[in-house]
Visitor: 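Pasting a structure below so you can have a look.
Atom set for the values below is all heavy atoms of this structure, side chains included, hydrogens, waters and symmetry mates excluded. Atoms within a ligand are numbered from 1 in the order they appear, just like the ligands themselves. In what follows, residues are counted from 1 in the order of the sequence shown.
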Amino acid sequence: MHCLILGGTSEAAELARLVAQDGTIEALLSLAGRTSAPARSPIPTRSGGFGGVEGLTRWIEDHACAAVVDATHPYAARISANAVAACAALGLPLGLPLASIVRKPWQAVPGDRWQTVATMQAAAEAIGASPRRVFLTVGRLELAHLRAAPQHYYVVRTIDRPHDEELPPNSELVLDRGSFDMESERRLIRERGIEVLVTKNSGGPATYAKVTAARELGLAVVMVERPHKPVGEIVSDPAAAFAWLKARQHDHDGVGSERGV
Ligand code: NAP
């Protein structure tokens, strides 16, 4: 069975590992191509956009994919909407099987000082009027919104180097892919005299240490809410996505499938 994994996350990498280990499903991992040196994958990989819903639909058809797993990041809403639309248009009448790995968002716990905002523009406002020292961990693509609040000093952490015009004026850059532990997050916050953390609610353990460190050190946190992200059949993690793929393979190959096809 051929299938497509939409990736760019640790979950997609883990699912690729499980599929490679199993060795019976022909899966291809798709990356948006935003990161210059993505981690090596144990299964074949493609990179770059498909060209909207139409391009993705054509691609899935041309590659005779029998199932799609959307393992993209909680803030990557456009590709997920495209996947839902493409899969609905294929494999009629039921649509092509689509599973979406949905990471649980982080929840505030006692001691957290979160201010939740809906957009990156609102995050820039929420930091406040007086100059503050800000730890900014929102990725590269939406950094430019913080240029609207040039009174602050920013420690900007990204995987790839942003363009100069994306960075707020008073900023220093920390290039790091993570994952991050409590000790290094605590050290960074203390050494840079950070007063506010601005982050997306990515969920998952890989980047949670900064939230715990912020709580421990009494920092204010500006938490940018998740966008609405269309989904297929929800699965909780890579292991569940892999089990779902094996079930689709079972159906596809007709061995003991409920429909007997
Ligand atoms: P997005 O806004 O949902 O997607 C924008 C466009 O990028 C899509 O319409 C699609 O282009 C292309 N694209 C996105 N993911 C793709 C994939 N896995 N394979 C092929 N094309 C893809 O996504 P984004 O927020 O820019 O994120 C891009 C990638 O980075 C995603 O794969 C995501 O998992 C990863 N990522 C995002 C964040 C974040 O905070 N947004 C954080 C960590 C990782 P076409 O319409 O031309 O097909």
Visitor: Judged on heavy-atom distance to atom 6 (C) of ligand 1, which of Arg34, Arg140, Lys200, Lys229 sits nearest?
Guide: Arg34
Visitor: Of the options Arg113, Gln115, Arg132, which is the one that meets Val196 in a side-chain contact (heavy atoms from CB on, under 4.5 Å)?
Guide: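 The single option meeting the side-chain contact (heavy atoms from CB on, under 4.5 Å) with Val196 is Arg132.
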Visitor: Is the shortest distance from a heavy atom of Asn82 to ligand 1 less than 4.0 Å?
Guide: yes
Visitor: To which protein heavy atom is atom 48 (O) of ligand 1 closest, and what is the distance rounded to 0.1 Å?
Guide: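 Result: Phe50 N, 2.7 Å.
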Visitor: Starting from atom 10 (C) of ligand 1, what is the nearest protein heavy atom, named by residue and atom, and what distance separates them?
Guide: Ile79 CD1, 3.9 Å
Visitor: Of all the heavy atoms in Gly55, does at least one lie under 4.0 Å from an atom in ligand 1?
Guide: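 No, that is not the case, since the closest heavy atom of the residue is not under 4.0 Å from the ligand.
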Visitor: Could you list which atoms of ligand 1 come closer than 4.0 Å to a heavy atom of Tyr75?
Guide: 25 (O), 39 (C), 40 (O), 41 (N)
Visitor: Ring-plane angle category for His152 and Tyr154, please: parallel below 30°, perpendicular beyond 60°, tilted otherwise.
Guide: perpendicular
Visitor: Consider every N or O of Leu6 and every N or O of ligand 1, then say whether any pair is closer than 3.5 Å.
Guide: no
Visitor: With atom 36 (N) of ligand 1 as the reference point, say which of Arg46, His73, Glu54, Glu142 has the nearest heavy atom.
Guide: His73
Visitor: Any idea which protein heavy atom is nearest atom 12 (C) of ligand 1, and the distance to it?
Guide: Gly49 CA, 4.2 Å
Visitor: Going by distance alone, is a donor N or O of one side chain under 3.5 Å from an acceptor N or O of the other, for Thr72 and Lys229?
Guide: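 Side chains of Thr72 and Lys229: pair found under 3.5 Å.
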Visitor: At under 4.0 Å between heavy atoms, which part of Thr35 makes contact with ligand 1: side chain, backbone, both or neither?
Guide: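 No part of Thr35 is near ligand 1 at this cut-off.
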Visitor: Closest non-hydrogen protein atom to atom 23 (O) of ligand 1, residue and atom name please, with distance?
Guide: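 Minimum-distance protein heavy atom for atom 23 (O) of ligand 1 reads Ala76 CB, 3.4 Å.
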Visitor: Record the part of Ser80 in heavy-atom contact with ligand 1 below 4.0 Å; permitted values are side chain, backbone, both and neither.
Guide: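 The answer is neither.
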Visitor: Classify the ring geometry between Trp106 and Tyr208 as parallel (under 30°), tilted (30 to 60°) or perpendicular (over 60°).
Guide: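 Ring orientation of Trp106 relative to Tyr208: tilted.
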Visitor: Which of the listed options, Ser10, Ser47, Ala32, Ser30, holds the heavy atom that is closest to atom 16 (C) of ligand 1?
Guide: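 Nearest option to atom 16 (C) of ligand 1, by heavy atoms: Ala32.
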Visitor: Could you check atom 35 (C) of ligand 1 against the protein and tell me its nearest heavy-atom contact, residue, atom and distance included?
Guide: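 Checking every protein heavy atom, the shortest distance to atom 35 (C) of ligand 1 gives Gly8 O, 3.7 Å.
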Visitor: As a test of the contact definition, would atom 3 (O) of ligand 1 count as having a protein heavy-atom neighbour under 4.0 Å?
Guide: yes
Visitor: Check Val19 against Ala27 and note the closest heavy-atom contact, atom names and distance.
Guide: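 In terms of heavy atoms, the two residues are closest at CG1-CB, 3.7 Å.
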Visitor: Verify the distance criterion only: is there a donor paired with an acceptor across the side chains of Lys246 and Thr24 at less than 3.5 Å?
Guide: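 Present: a donor and an acceptor within the cut-off.
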Visitor: Please list the nearest protein heavy atom to atom 31 (C) of ligand 1 with its residue and the distance rounded to 0.1 Å.
Guide: Gly7 O, 3.8 Å
Visitor: Check the surroundings of atom CG in Asp62: do more than 12 heavy atoms from other residues, nucleotides or ligands lie under 6.0 Å from it?
Guide: yes
Visitor: May I ask you to check whether over 12 heavy atoms, not counting those of Arg226, lie within 6.0 Å of atom CZ?
Guide: yes
Visitor: For atom 47 (O) of ligand 1, what's the nearest protein heavy atom and its distance?
Guide: Gly51 N, 2.9 Å
Visitor: If you count the non-hydrogen atoms of other residues, nucleotides and ligands that lie under 6.0 Å from CZ in Arg177, is the total more than 12?
Guide: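 Yes.
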Visitor: Do the charged groups of Arg186 and Glu183 touch, with an N to O distance under 4.0 Å?
Guide: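 Judged by the 4.0 Å cut-off on N to carboxylate O distance, Arg186 and Glu183 do not form a salt bridge.
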Visitor: Taking heavy atoms and a distance under 4.0 Å, where does Leu31 meet ligand 1: side chain, backbone, both or neither?
Guide: backbone
Visitor: Mind checking whether Thr9 has an N or O less than 3.5 Å away from an N or O of ligand 1?
Guide: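 No, there is no polar N/O contact under 3.5 Å.
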Visitor: Answer with yes or no whether Gly52 contacts ligand 1, where contact means a heavy atom under 4.0 Å from a ligand atom.
Guide: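 Flag set, Gly52 near ligand 1.
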Visitor: Around atom CD of Glu165, are there more than 12 heavy atoms from other residues, nucleotides or ligands closer than 6.0 Å?
Guide: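 Yes, because the 6.0 Å sphere around CD of Glu165 holds more than 12 heavy atoms from other groups.
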Visitor: Counting only heavy atoms not in Glu172, do more than 12 fall under 6.0 Å of its CD?
Guide: yes
Visitor: Please verify whether a non-hydrogen atom of Pro74 lies at under 4.0 Å from ligand 1.
Guide: no
